[in-house]
Every structure is written in C-alpha cells, then in structure tokens.
A.B. asks: 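One structure, pasted below without further comment.
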Amino acid sequence: MSLRLTNTLTRAKAEFVPLQAGKVSIYCCGVTVYDLCHLGHARSYIVWDVLRRYLIWLGYAVTFVQNYTDIDDKILARAAAEGSSMQAVSERNIEAFVADMAALNILPADKMPRATRSLDAIRALIGELEARGAAYSVDGDVYFAVLKHQGYGKLSGRDLAEQQDNAAGRVASSEEARKQHPFDFALWKAAKAGEPSFPSPWGPGRPGWHIECSAMVREELGASIDIHLGGADLIFPHHDNEIAQSEAATGQQLARFWLHNGMVNVGGQKMSKSLGNFTTIRALLASGVSPMTLRLFVLQAHYRKPLDFTAEALEAAATGWRGLNAALAVGRIYQGLLGWSESTAGDLAALPDELQASKERFSAAMDDDLNTAAALGELFELARPLRALANRLQRHDIPGLADLSLGGRWRLLLELAGVLGLESEQPRLPTLPGSSGNPATSAGSFPSLSETESPLGISAQGCDGEAIQALIERRKAAKAARDFATADGIRDQLRAQGIELIDRPGAITDWIQR
RNA sequence: GGCGGCAUGGCCAAGUGGUAAGGCAGAGGAUUGCAAAUCCUUUACCCCCAGUUCGAAUCUGGGUGCCGCCUCCA
C-alpha cells in the first residue's frame with residue numbers, strides 16, 4: 001500500500017513519493033489576517049492537519065510551513081475603519097487564529113512566516129524576476145509579464161489567448177493601461193498617500209499578494225517542495241501566479257503535488273464574507289458545538305468535495321461524536337477497573353487478525369487520497385464493542401474476561417482516531433444555579449468507580465454534586481411512592497441543566513453531564 | 001463564453017467492472033414505571049437516455065440539474 005493523492009497539476013491520483021526519502025516539505029497557504037476565521041478556514045486546516053498527521057504516522061519527517069498574509073488592502077481598510085493600524089489588526093487576528101486552531105486540535109505549523117517579516121526575500125525575488133526579464137516596472141509598480149513565462153496557467157488549465165477577451169474590462173482601466181497583458185499581476189505596488197509602505201529599489205510601496213508565498217516557500221523550504229496546499233478557490237489566479245513567479249526565478253518545479261480542498265457551502269452556495277453567510281469558528285464553538293464534533297463533521301466528507309453546512313448535519317456529527325467519544329474515553333474513565341492504559345492495554349505490534357484487518361482497512365482508506373469518510377467508518381466499527389462495554393460499566397456491570405480483552409481494540413482505536421486528530425473530550429462541567437464550584441480544580445482527573453459517586457466522577461469535579469444528589473433522593477422517594485409525575489419532573493429539570501439521570505437495578509441512580 | 005467539479009436510501013456520505021461501508025434519523029424486539037444508554041433485527045432498482053461488457057453506481061456518448069473558479073477569498 002502506498003499513499004496516493006489527487007494532484008491538481010495533473011488532475012489525477014498519483015503515488016506520493018517525496019523528493020528526499022523519509023522527508024516531506026509542505027507549504028500551506030494561510031489566512032489574510034483582516035478578520036476572524038470561519039468554517040471554510042476550519043475545514044481547510046482540519047483536512048491538511050489530517051494529511052500532516054497521517055504522513056507523520058507513516059513515519060515521514062514532515063516540515064509544515066504556513067504563512068500569514070499581514071499586508072493587504074482589506075487589513076488597511078479594517079484599520080482605517082476602526083482607527084487603528086495595519087499591525088494592530090494583524091496582531092489581533094493572528095492571536096485569534098492561533099487560539100482557534102488550537103481549539104480545533106490542529107497542530108501548529110513548524111514555521112509561520114509573515115509577509116511583513118519576509119520583505120528581504122520578497123524584494124530579492126522581485127529583483128531576480130526583473131533581471132531575468134520576467135517582470136517590468138511602471139512608475140513604482142512592478143508587474144509580472146505572463147506572456148514571457150512559458151506555460152502560464154498550467155495549474156488551472158487556462159489558456160492566455162482564450163482568456164484575454166474575458167479578462168478585458170475586469171481590471172480597473174487605469175491599471176490596465178500600464179500592463180502589457182491583462183493577466184499581468186503586481187509584484188510590488190507603489191505606495192499611495194497615507195498608507196504604510198516599505199522601501200524598495202522601485203520606490204516605497206508594498207508587495208503584491210502572490211509574491212509573498214513564492215518568497216516564503218523558497219526561504220523556508222527551498223526552490224522545490226513536495227506538497228503545496230490551499231483552498232480550491234486559490235487555484236486561479238493565486239497558485240498559477242505563484243508557480244509562474246517561482247519557476248521563472250528558479251527554473252525548478254515549485255511543488256510536485258498541489259492539493260486543494262473543496263469549499264464549505266451554505267444552502268448550496270460557497271461560504272464567504274461577501275455573501276455574509278459565514279459562521280466564525282469561535283461563534284460556533286461558543287454556541288456549544290464541540291471541536292471534535294466539528295472535526296467529525298468535516299472529515300465525514302471527502303476533502304475535495306463541497307461540504308454543505310447545515311444545522312442538521314452538525315447535529316448528526318455531534319451525536320456521532322458522542323458515541324465515538326464514549327468508546328475513546330472508556331479506557332481512561334474506567335482505568336482502575338479495567339487496568340488499561342494507553343501504553344499497556346494490548347500489544348499493537350501483535351494485533352489479532354480481526355484488529356489487524358481493521359487497521360489495514362483504515363490505512364487503505366487513508367492511502368486512497370485521504371478517504372477520511374471511509375476511515376471513520378472503520379473507527380465506528382472499532383468503537384461499537386467498546387461503546388457497549390462503556391454502557392455496561394456505566395450500569396456497574398462487572399467486566400468479564402471478554403471485556404478485558406478489548407484493551408487492544410481500545411488502544412488501536414485511540415491510535416487511529418489520533419491520526420484524524422480525534423481525541424476523547426472530558427465531559428463539560430455542569431453549571432447549576434447556586435453552584436459555586438471552581439472549574440479550575442477539575443482538569444485532568446477521573447476518579448475511579450465507587451458506589452457513592454457518579455461513574456464519570458463529575459460529582460467531585462467542582463460542580464454542586466450535593467444539590468444533584470439531593471434531587472436524586474427526592475426523586476427516589478417520589479418513585480417509591482409511585483409519584484412518577486414528580487419523579488419525571490425532577491429528571492426533566494436536571495436534563496434542562498445538562499444532567500442526565502440513569503436508573504439502574506437496585507434503585508440506584510447515576511448521573512452524567514451531557 | 002472559458003476552465004474544473006458534483007449528482008448514491010428521509011438527511012449526510014463512502015464505494016471507479018462482479019449483485020451497495022459508515023454516521024444521523026426511523027421502525028420492530030430485549031431492557032425500563034417512563035426515560036436515557038446499550039444490544040439484536042430492519043429500511044436503496046445508485047439523476048435520465050443510449051452504448052460497451054457474461055456482468056456497470058462504477059467505462060463511453062448524449063441529456064438534465066447543481067456548484068466552484070475566471071475580481072479578494074480556505
């Protein structure tokens with residue numbers, strides 16, 4: 001088995017072979033930091049995070065570089081609107097980006113260059129292009145001459161001659177007059193009055209959008225890299241321009257593999273700022289959607305296809321994640337009872353045939369152009385017996401020998417889920433009226449099972465377990481009196497607060513936080 | 001107009017020549033005072049037409065519908 005990826009450059013799946021054995025260099029187009037990230041960004045960076053995790057799992061040493069575009073018209077506009085500076089807007093949104101990515105369990109890039117800190121490399125690259133005759137300057141602007149570059153548009157499949165007519169009229173006429181060809185694009189823009197600018201051989205100004213990526217790739221990873229990532233909306237013109245700039249300067253192929261993710265749609269239309277149909281990552285998380293639910297939602301579709309964002313689909317992902325989470329968490333919650341730990345529960349080097357086959361199906365799915373939907377199917381299959389075990393333990397059934405032998409399955413599930421960046425989440429803390437608990441003390445500990453506390457151990461974790469227990473006692477009394485209306489009322493009341501009561505034999509009632 | 005992509009059960013979504021994964025929702029059963037959870041069982045002539053083939057959701061041709069890019073965009 002070997003990893004095969006769809007390469008936009010050839011529009012075909014091809015076996016992935018890195019330039020240097022055992023090493024993979026990846027450049028991922030980052031965000032323009034003029035605003036918060038939305039679900040479209042989340043999808044893109046989740047799937048590329050999975051690509052990266054899978055390559056690491058396969059044993060590659062991966063170097064992952066992702067840029068911040070912190071010079072841009074929109075950032076300037078935002079700064080002007082709020083009376084601050086380009087730098088202030090950028091810093092704020094970079095901070096938000098880092099927090100959002102961390103919340104989604106996306107591994108931070110190895111290097112995160114910024115346009116404002118890469119100006120030397122940018123100016124040097126523009127200078128080279130000019131010297132080679134691939135670029136020309138007009139009144140402080142510098143443009144790339146697309147006609148001078150053999151094969152311009154090869155990524156998007158655009159033909160300059162055919163495209164010329166369509167492009168005419170789409171560009172501001174004043175700018176068009178200065179260009180030799182309508183598709184020529186700015187490498188350097190002369191400063192306008194009142195805007196921040198940087199010195200250059202062509203006069204004060206700032207870099208065009210595309211050039212920063214070419215410069216950063218070369219500076220951080222070299223002339224030729226293994227994989228270049230981005231959203232499908234970047235194919236043209238951004239990536240075509242990037243290829244033209246880099247290859248005109250170095251004479252080498254910029255990237256061997258170009259991977260592009262599909263868009264997130266809302267009501268069949270692309271989520272975008274201009275349509276106003278976007279949901280920011282933090283708004284979604286603040287609404288109670290868990291990060292892992294979002295990952296599951298994204299990974300249940302193939303990365304190249306459009307993904308429709310609906311409340312229903314998200315709800316389905318949330319329910320699905322709850323089941324998967326139960327299986328992932330069982331070994332940790334009942335560690336004392338089962339004697340499992342992540343390092344000792346079963347030998348992953350000598351898996352029984354059934355689990356070995358499962359692992360191979362997972363790999364085969366991932367090898368096939370990151371078929372995460374199929375890989376997830378395998379995870380759910382692995383999880384089923386573990387969910388059943390979790391349920392029995394929740395009801396205080398004593399685990400038998402067959403249950404204990406599920407340790408290897410649990411560890412395998414943990415490992416494969418980890419490749420997708422799915423990790424079991426601790427139950428969220430209940431918030432009860434009058435609760436004065438201190439959530440800060442609750443992290444990380446899962447008490448072992450006992451007769452006097454909830455099996456999930458939440459009663460000891462900073463919420464008002466006594467209040468809940470008192471209600472449970474009242475309900476128990478009501479049930480004994482066959483006053484089910486009162487009993488159900490208490491259960492409904494707690495449910496509204498996110499507490500689920502579970503009756504089990506012996507007139508014992510457990511509760512867990514949803 | 002040019003380039004590219006997609007159409008699979010109520011919803012989401014895998015599946016690229018051999019009689020349709022998985023998730024959600026639904027139905028029946030076990031369990032339950034009722035729930036919740038769990039377990040078992042169960043729900044598809046794969047947009048249309050024609051063709052290739054012993055055999056097609058999967059290949060070819062033609063339709064129809066939808067989406068993305070061609071301006072900033074993950």
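This one's a predicted model, so the numbers in the text were calculated from it and none came from an experiment.
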A.B. asks: Please give, in whole Å, the distance from B/A74 P to A/Asp100 CG?
C.D. replies: 14 Å
A.B. asks: Using the C1' atom in both, what is the distance from B/U53 to B/C59, to the nearest Å?
C.D. replies: 9 Å
A.B. asks: Whole angstroms only, please: what is the CG-P distance between A/Leu494 and B/C34?
C.D. replies: 21 Å
A.B. asks: Do the side chains of A/Phe297 and A/Phe309 get nearer than 4.5 Å, heavy atoms only?
C.D. replies: yes
A.B. asks: Using the side-chain heavy atoms of A/Arg475, tell me which of these nucleotides is nearest: B/U38, B/G33, B/A36.
C.D. replies: B/G33
A.B. asks: At less than 4.0 Å, is any side-chain N or O atom of A/Asn371 found next to OP1 or OP2 of B/G15? Yes or no.
C.D. replies: yes
A.B. asks: Between B/U19 and B/A57, how far is it from one C1' atom to the other, in whole Å?
C.D. replies: 12 Å
A.B. asks: P atom, B/G10 versus B/C45: distance in rounded Å?
C.D. replies: 9 Å
A.B. asks: Looking at side-chain heavy atoms only, is the closest gap between A/Met263 and A/Leu307 below 4.5 Å?
C.D. replies: no
A.B. asks: Any base atoms under 4.0 Å from A/Ala373, or only sugar-phosphate, or nothing? Heavy atoms, all strands.
C.D. replies: base
A.B. asks: Just call it for A/His302: base, sugar-phosphate, or nothing, with non-hydrogen atoms closer than 4.0 Å on any strand.
C.D. replies: sugar-phosphate
A.B. asks: At 4.0 Å (heavy atoms only), tell me whether A/Ile235 reaches a base, stays on the sugar-phosphate, or touches nothing.
C.D. replies: nothing
A.B. asks: Looking only at heavy atoms, which two atoms of A/Arg409 and A/Leu382 are closest? And how far apart?
C.D. replies: NH1-O, 3.1 Å
A.B. asks: Which of these nucleotides, B/G33, B/G15, B/A74, is closest to any side-chain atom of A/Phe484?
C.D. replies: B/G33
A.B. asks: Using heavy atoms to find the nearest nucleotide of RNA chain B for A/Arg495 and A/Glu378 separately, return the residue whose nucleotide is more 5′.
C.D. replies: A/Glu378
A.B. asks: Does CD belonging to A/Glu82 count more than 12 external heavy atoms closer than 6.0 Å?
C.D. replies: yes
A.B. asks: Across the strands shown, which category fits A/Arg491 at heavy-atom distances under 4.0 angstrom: base, sugar-phosphate, nothing?
C.D. replies: base
A.B. asks: When you get a sec, tell me which of B/A74, B/A14, B/G22 is the closest nucleotide to the side chain of A/Gln300?
C.D. replies: B/G22
A.B. asks: For A/Tyr45, which contact category applies under a 4.0 Å heavy-atom criterion: base, sugar-phosphate, or nothing?
C.D. replies: sugar-phosphate
A.B. asks: Looking at A/Arg384, does any N or O in its side chain come under 4.0 Å of the phosphate oxygens OP1/OP2 on B/G22?
C.D. replies: no
A.B. asks: Quote, to the nearest angstrom, the C1' distance that separates B/C69 from B/A27.
C.D. replies: 45 Å
A.B. asks: Mind checking A/Gly157 for me? I need base, sugar-phosphate or nothing, with any heavy atom below 4.0 Å counting as a touch.
C.D. replies: sugar-phosphate
A.B. asks: Using heavy-atom distances to pick each residue's nearest nucleotide on RNA chain B, tell me which of A/Gly320 and A/Asp308 is more 5'.
C.D. replies: A/Asp308
A.B. asks: Provide the distance between the two C1' atoms, one in B/U43 and one in B/U52, to the nearest whole Å.
C.D. replies: 34 Å
A.B. asks: If the P atom of B/C39 is compared with that of B/A25, how far apart are they to the nearest Å?
C.D. replies: 13 Å
A.B. asks: Please pick, from B/C70, B/A74, B/A37, the nucleotide with the shortest atom-to-atom distance to any side-chain atom of A/Phe236.
C.D. replies: B/C70
A.B. asks: Measure the distance from CD on A/Glu242 to P on B/C69 and round it to the nearest whole Å.
C.D. replies: 19 Å
A.B. asks: Give a yes or no on whether a donor-acceptor pair under 3.5 Å exists between the nucleobase atoms of B/G2, that is its base, and the side chain of A/Asp159.
C.D. replies: no
A.B. asks: Consider side chain to side chain contact (heavy atoms under 4.5 Å, CB included). Of A/Lys111, A/Arg114, A/Glu212, which one does A/Asn67 pass it with?
C.D. replies: A/Glu212
A.B. asks: Looking only at the side chain of A/Ala388 (C-beta and beyond, no hydrogens), which of the listed nucleotides B/A36, B/G22, B/U38 gets closest?
C.D. replies: B/U38
A.B. asks: Specify the separation, in whole Å, of atom NZ of A/Lys74 and atom C1' of B/A74.
C.D. replies: 12 Å
A.B. asks: By the definition salt bridge (charged side-chain N to carboxylate O under 4.0 Å, His left out), identify the one residue from A/Asp492, A/Asp488, A/Asp503 that meets it with A/Arg475.
C.D. replies: A/Asp503
A.B. asks: If I take atom NE2 in residue A/His38 and atom P in nucleotide B/A74, what distance separates them, rounded to the nearest angstrom?
C.D. replies: 7 Å
A.B. asks: Is it true that A/Asp72 and A/Arg206 have a side-chain N and a carboxylate O under 4.0 angstrom from each other?
C.D. replies: no
A.B. asks: In whole angstrom, give the distance that lies between atom CD1 of A/Ile281 and atom P of B/A74.
C.D. replies: 11 Å
A.B. asks: When you get a sec, tell me which of B/C69, B/U38, B/G33 is the closest nucleotide to the side chain of A/Lys270?
C.D. replies: B/C69
A.B. asks: For A/Leu501, report the nucleic acid contact type (base, sugar-phosphate, nothing); a contact means any heavy atom under 4.0 Å.
C.D. replies: base
A.B. asks: Counting side-chain heavy atoms from CB outward, which of B/G23, B/G33, B/A21 is closest to A/Ala316?
C.D. replies: B/G23
A.B. asks: In whole Å, what separates the P atom of B/C24 from that of B/A20?
C.D. replies: 22 Å
A.B. asks: Would you say A/Lys305 places a side-chain N or O within less than 4.0 Å of OP1 or OP2 belonging to B/A14?
C.D. replies: yes
A.B. asks: Could you give the CE-to-P distance, from A/Met263 to B/G68, as a whole number of Å?
C.D. replies: 10 Å
A.B. asks: Please determine if A/Asp35 and A/Arg78 form a salt bridge, counting it only when a charged side-chain N lies under 4.0 Å from a carboxylate O.
C.D. replies: yes
A.B. asks: Where the side chain of A/Asp503 is defined as all heavy atoms beyond and including C-beta, which of B/G22, B/A14, B/C34 is the nearest nucleotide?
C.D. replies: B/C34
A.B. asks: Using a heavy-atom cut-off of under 4.0 Å over every strand shown, decide if A/Arg11 touches base, sugar-phosphate, or nothing.
C.D. replies: sugar-phosphate
A.B. asks: Heavy atoms from C-beta onward define the side chain here; which of B/A13, B/G33, B/U38 lies closest to that of A/Ala301?
C.D. replies: B/A13
A.B. asks: When the P atoms of B/C12 and B/A7 are considered, how many whole Å apart are they?
C.D. replies: 12 Å
A.B. asks: Round to a whole Å and report the spacing from NZ of A/Lys476 to P of B/U32.
C.D. replies: 18 Å
A.B. asks: For A/Gly262, answer base if it contacts any base atom (sugar-phosphate contacts may also be present), sugar-phosphate if it contacts only those atoms, and nothing otherwise; contact means non-hydrogen atoms under 4.0 Å.
C.D. replies: base
A.B. asks: Determine the sole option in A/Tyr27, A/Phe257, A/Trp48 for which the ring-ring contact (aromatic ring centres under 6.0 Å, His included) test with A/His228 is passed.
C.D. replies: A/Tyr27
A.B. asks: If you compare every side-chain N and O of A/Arg158 against the phosphate oxygens of B/C70 (OP1, OP2), does one of them come in below 4.0 Å?
C.D. replies: no
A.B. asks: Considering only B/A36, B/U38, B/A25, which nucleotide approaches the side chain of A/Asn391 most closely?
C.D. replies: B/U38
